[in-house]
S.K.: 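Please find one structure pasted underneath; my questions will follow.
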Amino acid sequence: MPELPEVETVRLGLDPLVVGRTIERVTPADFPGVMGDLAIEVASTRLAGRPIRGTRRRGKYLLFDLDDGEALMVHLRMTGVLTVLPRSAPSERFQRLSIELDNGSDLRFSDQRKFGRVIIVSPDDISGLMTKLGPEPLEAGFDGPALFELVHHRKAPIKSVLLDQHTIAGLGNIYVDEALFHARIHPLRLGSSITADESVVLAEMIRMVLTVGLEQRGTSFSSFRDVYGQKGSNQEQLVVYGRGAGQLPCVRCGSPLARITIAGRGTSYCPTCQKRP
DNA sequence: ACACTGCCCTGCGAGC
DNA sequence: TGCTCGCAGGGCAGTG
């Protein structure tokens with residue numbers, strides 16, 4: 001599941017391969033809805049001849065800046081994969097879209113579950129995206145007091161609050177479970193119950209798990225691959241995510257981990273280290 | 001403004 | 001062995 005470290009890993013890999021290139025055309029595969037309501041043929045006409053000026057990431061959104069302030073916005077959702085391949089390379093297994101570039105390479109979008117999207121966005125769309133999302137947790141200014149301000153008035157479980165992209169941008173199920181474990185906070189604790197002192201630790205742990213995830217080039221628990229089709233290695237650093245169902249032992253205290261559902265998401269935690277509310 | 005639910009989608013693994 | 005069925009979950013629409 002691509003979260004901030006995975007999306008940033010993809011962006012870092014793509015940037016040198018696509019910036020400065022010009023789009024020639026867009027070739028559909030078998031999923032007409034991949035570009036939203038816009039027909040692929042229409043999109044191809046709109047994109048033909050336009051340059052890719054740069055790449056940006058906001059939360060889990062990836063932006064390819066075009067001319068005229070427009071951009072191609074990609075969200076990988078659960079199983080989206082972006083690769084750059086020679087035009088002669090065969091289609092990927094779940095390929096949904098191929099953006100042909102002027103140097104003979106293709107930017108390919110593959111997505112097993114058809115949740116991901118590649119959308120042409122206007123300058124207004126982009127500024128809307130920038131403002132509606134919460135702060136970037138790896139940028140300067142994201143600290144204990146800032147986190148406390150974001151969560152102390154919230155009456156939902158802290159896990160739900162941290163998953164809310166309008167509150168903090170880029171966290172998903174994996175990194176939230178990991179951060180809460182390292183901060184020793186039970187995922188069902190209400191946002192309003194988190195103290196200022198706990199916010200300092202939690203903000204630190206959020207930054208830590210994201211930084212490690214980025215260093216490991218992402219978590220490839222299932223389908224995540226980088227631009228070159230390589231797996232990340234952060235799954236080896238995970239200590240709670242995916243381990244609660246089997247009641248595997250807590251790495252800190254040895255007692256069996258537990259698994260519950262919060263906000264419709266599987267949630268693993270240590271009932272001993274993360275005290276109940 | 002906020003909280004919560006259901007929907008989208010399909011490969012995979014558990015169970016029979 | 002082969003089948004069915006539930007699970008995985010990010011974002012959004014709809015409801016309260």
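Numbered from 1 within each chain, the chains take letters A, B, ... in sequence-line order. Computed over heavy atoms, backbone and side chain alike; hydrogens, waters and symmetry mates excluded.
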S.K.: Has A/Arg11 got its NZ or CZ under 6.0 Å from the middle of the six-membered ring of A/Phe64, at an angle within 45 degrees of the ring axis?
M.R.: no

S.K.: Can you work out whether A/Arg154 or A/Arg96 has the more 5'-proximal nearest nucleotide on DNA chain B?
M.R.: A/Arg154

S.K.: Is there a side-chain contact between A/Ile185 and A/Gln274 (heavy atoms, below 4.5 Å)?
M.R.: no

S.K.: side-chain contact (heavy atoms from CB on, under 4.5 Å) with A/Arg77: which residues, sequence neighbours excluded?
M.R.: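 Counting only residues at least two positions away or on another chain, A/Arg77 forms a side-chain contact (heavy atoms from CB on, under 4.5 Å) with A/His75, A/Phe115.
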
S.K.: Under 3.5 Å, which donor-acceptor pairs do the side chains of residues 202-216 of chain A form with other protein atoms, sequence neighbours left out?
M.R.:
from, atom 1, to, atom 2, distance (Å)
A/Arg207, NH1, A/Pro137, O, 3.4
A/Arg207, NH1, A/Glu139, O, 3.1
A/Arg207, NH1, A/Phe142, O, 3.1
A/Thr211, OG1, A/Arg207, O, 2.6
A/Gln216, OE1, A/Ser233, OG, 2.8

S.K.: Identify, with sequence neighbours excluded, every residue that meets side-chain contact (heavy atoms from CB on, under 4.5 Å) alongside A/Ile119.
M.R.: A/Met73, A/Arg117, A/Val121

S.K.: I'd like to know if the side chain of A/Gln235 and the backbone of A/Ser220 have a donor-acceptor N/O pair within less than 3.5 Å.
M.R.: yes

S.K.: Looking at A/Ile126 and A/Arg56, what are the two nearest heavy atoms and their distance?
M.R.: CG2-NH2, 3.8 Å

S.K.: Provide the full list of salt bridge (charged side-chain N to carboxylate O under 4.0 Å, His left out) pairs with a residue in residues 33-46 of chain A, sequence neighbours left out, each pair given once.
M.R.: A/Arg46-A/Glu70

S.K.: How would you summarise protein contacts on nucleotides 10-16 of chain C per nucleotide, using B for base, S for sugar-phosphate only and - for none, with heavy-atom distances below 4.0 Å?
M.R.: BBS----

S.K.: What string of B, S and - do you get for nucleotides 11-16 of chain B, 5' to 3', when a contact is any protein heavy atom under 4.0 Å?
M.R.: S-----

